[in-house]
Amino acid sequence: MSETALPSAPPVTTIAELGKHEGQSVLLRGWLYNLRESGKLLFPIFRDGTGTIQGVAHKAGVSAEVFETLKGLTQESSVKVTGKVRADKRAPGGYELDVEQVEVVQRVPEEDPYPITPKDHGVDFLMERRHLWVRSTRQAAILRVRAEIMRAAAEYFDTNGFTRTDPPILTPAACEGTSTLFPVDYFGEEAFLTQSGQLYIESTALALGKVYSFGPTFRAEKSKTRRHLTEFWMIEPEVAFCDLDGLMELAENFIAHIVQSVLAKRKADLLVIGRDIAKLEAIAAPFPRLRYDAAVEMLNQAFKDGHLEQPFEYGNDFGSPDETWLSSQFDRPVMVHRYPAAVKAFYMQPDPENPQFAMCVDVLAPEGYGEIIGGSQRVDSYDLLKNRIEEHKLPMDAFQWYLDLRRYGSVPHAGFGMGIERAVAWICGLDHVRETIPFARTLNRMFP
RNA sequence: UGCCUGGUAGCUCAGUGGCAGAGCAGGUGACUGUUAAUCACUUGGUCGCUGGUUCGAUCCCAGCCCGGGCAGCCA
């Protein structure tokens with residue numbers, strides 16, 4: 001920071017803040033994103049992590065040394081640039097930088113140029129270089145939106161009386177007994193990476209009332225789709241004295257808050273990504289609610305009308321094409337509730353009006369994005385939960401602590417989990433979750 | 001795991017049973033308003049690997065390796 005110590009030196013700023021310095025000379029620290037040359041005119045584009053700005057250097061307007069330094073400069077060389085901020089209608093961001101001085105921090109050698117050019121590349125090539133790909137304008141914008149989604153999600157709970165209680169990542173056994181878990185050697189004993197913190201936060205919810213957890217989750221399923229990662233981030237609220245209606249209200253307000261925060265703070269990034277902003281502006285509570293039965297009727301009609309290839313069999317869980325079609329019928333997330341208990345997890349409370357149904361809800365994001373939230377009211381009866389554990393042939397010993405929650409002061413309670421990457425994919429309008437996380441872990445990729 | 005699909009220059013791809021191609025990137029040069037700048041010239045190849053058929057295989061066949069898409073599972 002020696003440059004800030006010099007009284008006459010131009011102020012250090014960022015590209016995002018350039019508008020505050022119009023007409024002034026400033027110092028930017030960043031990288032050369034691209035360089036266009038036109039004879040005695042050079043157009044270096046700089047990026048600094050907050051945005052990009054086009055610099056202009058006339059041969060007659062700068063020293064010979066500065067001109068020569070810029071002229072041959074290679075993509076992604078790191079630089080400190082001094083220049084005067086000028087508003088210009090031709091510039092995409094509204095401003096340009098008339099270059100005055102350039103200091104090259106590290107020059108990328110010509111014989112080993114930066115591999116990711118501003119041209120088309122394939123998925124595998126880019127994922128193999130994810131450590132560099134994150135520098136690109138679009139990827140950086142997605143990561144900023146992701147950060148805002150995570151911030152706004154935590155903010156919603158923090159400002160509504162929730163206490164964050166993070167469950168362990170190393171666990172002794174399966175939470176639900178369904179998903180495949182990653183085994184870990186724990187001092188000679190077998191342990192697993194968590195696939196959900198739900199059972200643990202049911203415990204802290206009965207201690208603190210309203211709680212949430214926020215952390216990584218692991219699923220060892222060999223899923224190979226645009227919606228799946230083996231390591232993903234999930235935010236899970238759990239609320240004591242809450243029923244299914246209360247949970248759906250929580251879910252819609254939570255999602256609306258996140259979308260509104262992203263629109264308020266990261267609209268420029270959404271535009272870089274190419275998102276249709278109007279579709280996000282329509283996201284406001286309340287969300288439509290559909291009973292499973294009503295959703296099935298829609299699917300049957302859709303099949304008759306030729307929108308779906310397979311007929312839907314009543315009693316099944318929805319398949320991916322079913323979810324896609326359902327969610328595409330609404331302009332905001334749709335909440336499908338009361339699925340048949342037989343296709344849902346053992347800990348879900350039966351509907352008091354008809355125990356064939358579970359008091360659960362899936363939130364399907366619009367535009368065909370499908371499930372982003374799954375949640376339920378939990379079984380609060382000791383006897384029923386014990387029976388369910390037996391029916392599902394789960395090891396009773398491992399669930400004794402969980403049954404304790406029904407032995408000592410059991411109350412109705414409910415919670416849900418939202419997959420961060422699926423939310424990011426929807427809000428950014430991406431076609432694959434691998435671009436929503438800095439370093440995706442998928443079936444075929446553990447690198448870099 | 002099942003079905004579909006791909007692997008040719010640094011990248012994106014075309015192509016043929018008989019000399020290995022284009023655009024871009026890299027290099028050299030031109031250009032005072034470019035927006036993935038343009039123009040001229042130019043460097044660059046284990047055609048995924050192994051075996052088979054053939055006078056001859058990048059091309060046809062078999063096996064293997066590595067990706068991608070969809071489904072299932074789920075968030």
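All values below come from the heavy atoms of this structure, side chains included, with hydrogens, waters and symmetry mates left out. The sequence lines fix the lettering, A, B, ..., with proteins before strands; numbering per chain opens at 1.
- What separates CG of Leu32(A) from C1' of rA36(B) is a distance of 15 Å, to the nearest Å.
- Comparing rG51(B) with rG17(B), their P atoms sit 24 Å apart, to the nearest whole Å.
- Here the separation of rG72(B) from rG15(B), taken at their P atoms, is 34 Å to the nearest Å.
- In this structure, a donor-acceptor pair under 3.5 Å is present between the side chains of Ser25(A) and Glu100(A).
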### Task
List the steps and the verdict of ring-ring contact (aromatic ring centres under 6.0 Å, His included) for Tyr292(A) and Tyr314(A).
CA-CA 9 Å; Tyr292(A) 173 84; Tyr314(A) 186 89; 5.4 Å; yes

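- Following rounding to the nearest Å, Arg227(A) (CZ) and rG69(B) (P) show an atom-to-atom distance of 11 Å.
- Using P as the reference atom, rC59(B) and rU54(B) are 16 Å apart when rounded to the nearest Å.
- Using a 4.0 Å heavy-atom distance criterion, Thr217(A) is classed as making no nucleic acid contact.
- The distance from atom CD of Glu128(A) to atom P of rG48(B) is 18 Å, rounded to the nearest whole Å.
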Pairwise N/O distances under 3.5 Å, protein to nucleotides 11-14 of chain B:
| residue | atom | partner | partner atom | Å |
| --- | --- | --- | --- | --- |
| rC11(B) | O2' | Asp120(A) | O | 3.0 |
| rC11(B) | O2' | His121(A) | ND1 | 2.8 |
| rU12(B) | OP1 | Gly122(A) | N | 2.8 |

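- Residues meeting the side chain to side chain donor-acceptor pair (under 3.5 Å) test with Asn300(A), sequence neighbours left out: none.
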Anything under 3.5 Å between a donor and an acceptor, one on a side chain of residues 333-342 of chain A, the other on a protein residue two or more places apart or in another chain? List them.
| residue | atom | partner | partner atom | Å |
| --- | --- | --- | --- | --- |
| Arg338(A) | NE | Asp351(A) | OD2 | 3.1 |
| Tyr339(A) | OH | Asp362(A) | OD2 | 3.2 |

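- Residues Phe318(A) and Phe312(A) place their aromatic rings such that the two centres sit under 6.0 Å apart.
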### Protein proximity profile, nucleotides 29-35 of chain B - base contact B, sugar-phosphate-only contact S, no contact -, cut-off 4.0 Å on heavy atoms
--BBBBB

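- Between the CD atom of Glu309(A) and the C1' atom of rA71(B) there is a distance of 11 Å, rounded to whole Å.
- Phe218(A) has its ring centre no less than 6.0 Å from the ring centre of Phe192(A).
- Rounded to whole Å, the separation between the P atoms of rC61(B) and rG45(B) comes to 29 Å.
- One P atom belongs to rG29(B), the other to rC70(B), and the distance between them is 48 Å to the nearest Å.
- When heavy atoms are screened at a 4.0 angstrom cut-off, Asp362(A) is found touching no nucleic acid atom at all.
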Scan the side chains in residues 62-72 of chain A for donor-acceptor partners under 3.5 Å anywhere in the protein, sequence neighbours excluded, and list what turns up.
| residue | atom | partner | partner atom | Å |
| --- | --- | --- | --- | --- |
| Ser63(A) | OG | Val66(A) | N | 3.1 |
| Thr69(A) | OG1 | Glu65(A) | O | 2.7 |
| Lys71(A) | NZ | Glu37(A) | OE1 | 3.3 |

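- Among residue pairs with one or both ends in residues 435-448 of chain A, those qualifying as salt bridge (Lys or Arg N to Asp or Glu O under 4.0 Å) are Asp124(A)-Arg445(A), Glu128(A)-Arg445(A), Arg138(A)-Glu435(A); sequence neighbours excluded.
- To the nearest angstrom, P of rC74(B) lies 12 Å from CZ of Phe232(A).
- Using atom P as the reference point in both rA36(B) and rG26(B), the two lie 16 Å apart (nearest Å).
- Between the P atom of rA36(B) and the CD atom of Glu76(A) lies a distance of 17 Å, rounded to the nearest Å.
- Residue Ile373(A) is in sugar-phosphate contact alone, with no base atom involved, counting any heavy-atom pair closer than 4.0 Å across all strands shown.
- In this structure, Glu391(A) places its CD atom where more than 12 heavy-atom neighbours from other residues, nucleotides or ligands lie under 6.0 Å away.
- In this structure, Arg227(A) has no salt bridge (charged side-chain N to carboxylate O under 4.0 Å, His left out) partners at least two apart in sequence or on a different chain.
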#### Entry: Trace of the ring-ring contact (aromatic ring centres under 6.0 Å, His included) decision for Phe447(A) with Phe439(A)
CA-CA 8 Å; Phe447(A) 180 88; Phe439(A) 295 93; 9.6 Å; no

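- In the set rC74(B), rA71(B), rC73(B), the nucleotide with an atom closest to the side chain of Pro321(A) is rA71(B).
- Spacing of C1' atoms, rU34(B) relative to rA30(B), comes out at 15 Å, to the nearest Å.
- Aromatic pair Phe346(A)/Phe399(A): ring centres closer than 6.0 Å.
- For Asp317(A), the salt bridge (charged side-chain N to carboxylate O under 4.0 Å, His left out) test picks out Lys344(A), with sequence neighbours left out.
- Aromatic ring centroids of Phe162(A) and Tyr156(A) lie 6.0 Å or more apart.
- Between His228(A) atom NE2 and rU1(B) atom P the separation is 17 Å, expressed in whole Å.
- The nearest whole Å value for the distance from the CD atom in Glu110(A) to the P atom in rG27(B) is 5 Å.
- A heavy-atom distance below 4.0 Å to RNA chain B is reached by these residues of residues 431-448 of chain A, ordered by number: His432(A), Arg434(A), Asn444(A).
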### Query
So what's the dot-bracket for RNA chain B: Watson-Crick or G-U pairs under 3.5 Å, [ ] if a pair crosses, | if it pairs off-strand?
(((((((..((((....[..)))).(((((.......))))).....(((((..]....))))))))))))....

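- Among the atoms of the strands shown, base atoms are found under 4.0 Å from some heavy atom of Ser223(A).
- For the salt bridge (charged side-chain N to carboxylate O under 4.0 Å, His left out) test, no residue two or more places apart in sequence or in another chain qualifies with Arg129(A).
- Taking atom C1' in both rC49(B) and rC31(B), one finds a spacing of 48 Å when rounded to whole Å.
- Residue Gly319(A) is classed as a sugar-phosphate contact, given heavy-atom separations below 4.0 Å to backbone atoms only.
- Listed by chain and residue number, nothing satisfies the side chain to side chain donor-acceptor pair (under 3.5 Å) test with Glu371(A) (two or more places apart in sequence, or in another chain).
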